[in-house]
Amino acid sequence: MIKKTYGAVLTGTSQTVYTVPAGKSAQWVLMYITNTSGSNGNVEVDYYSAAQDSTFSVLEGYTITSKDFFQIGGTINSFIMMREGDSISAFATQEMTLLISLIEENNIIQGG
């Protein structure tokens, strides 16, 4: 098990922030978004399921006021299970920063 954090500066173009590597699964445990701009802005965060070849909205058009933040997760037993090839992508209408924390694990069961 490896704990990791990924970050991105969000702009008007959607970008993939994290993709579960081959042979791994992950628990998405925290998302923290800060509006670093001088204006209110909207943010969108999407979860892509490779197994279903579908994208699901986590946040859609959510407004974060200037210099404010938004947090999901971070408490015990709050996580989203992710499988190999699943990904998280995001964009914002104003400059914002996004941090996500995950726990990655091998898909192979150890010791039989």
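Quick caveat, the model's predicted, so the values are computed rather than measured. Numbers here simply count residues along the sequence, with the first being 1.
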Kindly write out the residues that satisfy side chain to side chain contact (heavy atoms under 4.5 Å, CB included) with S66, not counting sequence neighbours, or none if the list is empty. N40
Let me confirm one number: the NZ-CG distance from K24 to N106, rounded to the nearest 0.5 Å. 4.0 Å
Over all heavy atoms of both residues, which pair between S54 and Q52 is shortest? Give the atoms and the distance, please. OG-O, 3.0 Å
Give a yes or no on whether the backbone of N35 and the side-chain of S37 come within a donor-acceptor separation of less than 3.5 Å. no
Closest non-hydrogen atom pair between G61 and N42, with its separation: O-OD1, 3.7 Å
Partners of D46 by side-chain hydrogen bond (donor to acceptor under 3.5 Å, both in side chains), sequence neighbours excluded? none
What do the steps show when you test I2 against K4 for side-chain contact (heavy atoms from CB on, under 4.5 Å), and what is the final call? CA-CA 6 Å; I2 300 172; K4 295 184 175 185; 3.8 Å; yes
So which pairs with a foot in residues 89-98 pass side-chain hydrogen bond (donor to acceptor under 3.5 Å, both in side chains), sequence neighbours left out? none
Considering only residues two or more places apart or on different chains, which pairs with a residue in residues 53-62 satisfy salt bridge (charged side-chain N to carboxylate O under 4.0 Å, His left out)? none
If Ile, Leu, Val, Met, Phe, Trp and Tyr residues are connected whenever their side-chain heavy atoms lie under 4.5 Å apart, and connections chain through other members, are L30 and I33 in the same group? no
L98 to A90 - nearest heavy-atom pair and separation: CD2-CB, 4.0 Å
Ignoring hydrogens, what is the shortest heavy-atom contact between V43 and M96? Give both atom names and the distance. CB-SD, 4.1 Å
Fellow cluster residues of F69, listed by chain then number, with links counted only when side-chain atoms sit under 4.5 Å apart: Y32, L99
Same cluster (ILVMFWY, side-chain, under 4.5 Å), M82 and I103: no
Among all residues two or more places apart in sequence or in another chain, which pass the ring pair (Phe, Tyr, Trp, His ring centres under 6.0 Å) test with F91? none
Can you list everything that forms a salt bridge (charged side-chain N to carboxylate O under 4.0 Å, His left out) with K67? Sequence neighbours excluded, please. none
Is it possible for you to say whether Y62 and V45 belong to one hydrophobic cluster, with membership spreading through side-chain heavy-atom contacts below 4.5 Å? yes
Atom of D86, atom of A51 and distance for their closest heavy-atom approach: OD1-N, 4.3 Å
Output, in order, the C-alpha distance, side-chain angles, deciding distance and verdict of side-chain contact (heavy atoms from CB on, under 4.5 Å) for L59 and F70. CA-CA 11 Å; L59 287 177; F70 179 77; 3.7 Å; yes
Can you check whether T36's main-chain N or O pairs, donor with acceptor, with T34's side chain at less than 3.5 Å? no
Taking distance alone, no hydrogens or angles, what donor-acceptor pairs closer than 3.5 Å link side-chain atoms of residues 10-21 to residues at least two apart or in another chain?
from	atom 1	to	atom 2	distance (Å)
Q15	NE2	V9	O	2.8
Y18	OH	E104	OE2	2.7

Would W28 and I72 show up in the same hydrophobic cluster when neighbours are defined by side-chain heavy atoms closer than 4.5 Å? yes
Quick check on the hydrophobic clustering: are V29 and I80 connected, directly or via other members, by side-chain heavy-atom contacts under 4.5 Å? no
Please enumerate all residues that pass side-chain hydrogen bond (donor to acceptor under 3.5 Å, both in side chains) together with T75, with sequence neighbours excluded. S78
So, using side-chain hydrogen bond (donor to acceptor under 3.5 Å, both in side chains) as the criterion, who are the partners of T5 when residues are at least two apart? S101
Which residues share a side-chain hydrogen bond (donor to acceptor under 3.5 Å, both in side chains) with Q27, sequence neighbours left out: E105
Crowded around M81 CE? As in, over 12 foreign heavy atoms under 6.0 Å? yes
Keeping to residues at least two apart or across chains, list the ring-ring contact (aromatic ring centres under 6.0 Å, His included) pairs with something in residues 42-61. none
